Amino acid sequence: DVKVTQSSRYLVKRTGEKVFLECVQDMDHENMFWYRQDPGLGLRLIYFSYDVKMKEKGDIPEGYSVSREKKERFSLILESASTNQTSMYLCASRRGQTTEAFFGQGTRLTVV
Amino acid sequence: DQQVKQNSPSLSVQEGRISILNCDYTNSMFDYFLWYKKYPAEGPTFLISISSIKDKNEDGRFTVFLNKSAKHLSLHIVPSQPGDSAVYFCAASEGDSWGKLQFGAGTQVVVTP
């Protein structure tokens, strides 16, 4: 059974804190992604990685960075959390271009 | 600029009837399309997909139709069941893009008894 696991279901952080969201997949997928979901906006791509230590900006990378030191793990970093980063964060992995992407259960982040 | 659009934010349908969800896209390079279902506080789960070389794909109660000339796809759910109440996202990807998916805004489906 394939699995993408995000480290936290719910997080509450203060404005200005550095926040780490962790994601691990057990499918040996090359491609991993971080999305955020907001009402009326769907899922928007923040960053993605197609190999270890490789990363590319998505559509909304401002205020975020990522790290991929091992194939199975992809971390999203909020350098200095702000209230407009309150959102549902979703990690996904995908093997190639013509297969489905598998998602983690999501992290509901609230920045106060 | 959103490349994948779902113009209906919500849909209400009676149990047993057909649900039709629509999706439009602007990028003619998209060659693979997917539908996902999402419950609150959970990650999206894959439903069905279609390659651009096909115009129809069926899996049980779910059928996806692709009209490339109109840049339009639709998802049919027959018959609709109460457990189908969820948000449905349309997604698309193109070759040479490392598999990244572009998503629509989603359609909230409510199936009533």
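Below, chains carry the letters A, B, ... as their sequence lines are ordered, and counting in each starts from 1. Owing to the predicted nature of the structure, the values given are computational and were not obtained by experimental measurement.
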Rounded at 0.5 Å granularity, tell me how far [atom1] in [X] sits from [atom2] in [Y].
X      : Y      : atom1 : atom2 : result
B:L101 : A:F103 : CG    : CZ    : 6.5 Å
B:K38  : A:M88  : NZ    : CE    : 4.5 Å
B:F103 : A:L90  : CZ    : CG    : 8.5 Å
A:Y35  : B:F89  : OH    : CZ    : 11.5 Å

To check you understand the geometry: which heavy-atom pair defines the closest contact between [X] and [Y], and what is its length?
X      : Y     : result
B:A41  : A:Y10 : CB-OH, 3.9 Å
B:A105 : A:G40 : CB-O, 3.6 Å
A:T99  : B:L34 : O-CD2, 4.0 Å
B:S93  : A:R94 : OG-NH1, 3.3 Å

hydrophobic_cluster_shared for [Y] and [X], side chain cutoff 4.5 Å:
X      : Y      : result
A:Y50  : A:Y64  : no
A:F102 : A:V24  : no
A:V111 : A:F20  : no
B:Y39  : B:V111 : no
A:V52  : A:Y47  : no

Please classify the contact between [X] and chain B as side chain, backbone, both or neither, with a heavy-atom cut-off of under 4.5 Å.
X     : value
A:Q6  : neither
A:D59 : side chain
A:E30 : neither

> Going through the checks in order, is the side-chain contact (heavy atoms from CB on, under 4.5 Å) test met by B:Q102 and A:L43?
Replying inline: CA-CA 8 Å; B:Q102 294 289 340; A:L43 278 68; over 6 Å; no
> With a 4.5 angstrom heavy-atom cut-off, which part of B:Q2 approaches chain A: side chain, backbone, both or neither?
Replying inline: side chain
> Does A:R9 use its side chain to pair, donor to acceptor, with the backbone of B:E42 at less than 3.5 Å?
Replying inline: no
> Is the backbone N or O of A:A101 less than 3.5 Å from a side-chain atom of B:Y36, with the two atoms forming a donor-acceptor pair by type?
Replying inline: yes
> Is the number of heavy atoms from other residues, nucleotides or ligands under 6.0 Å of B:K5 NZ greater than 12?
Replying inline: no
> Which of residues 43-82 of chain B get closer than 4.5 angstrom to chain A, counting heavy atoms alone?
Replying inline: B:G43, B:P44, B:F46
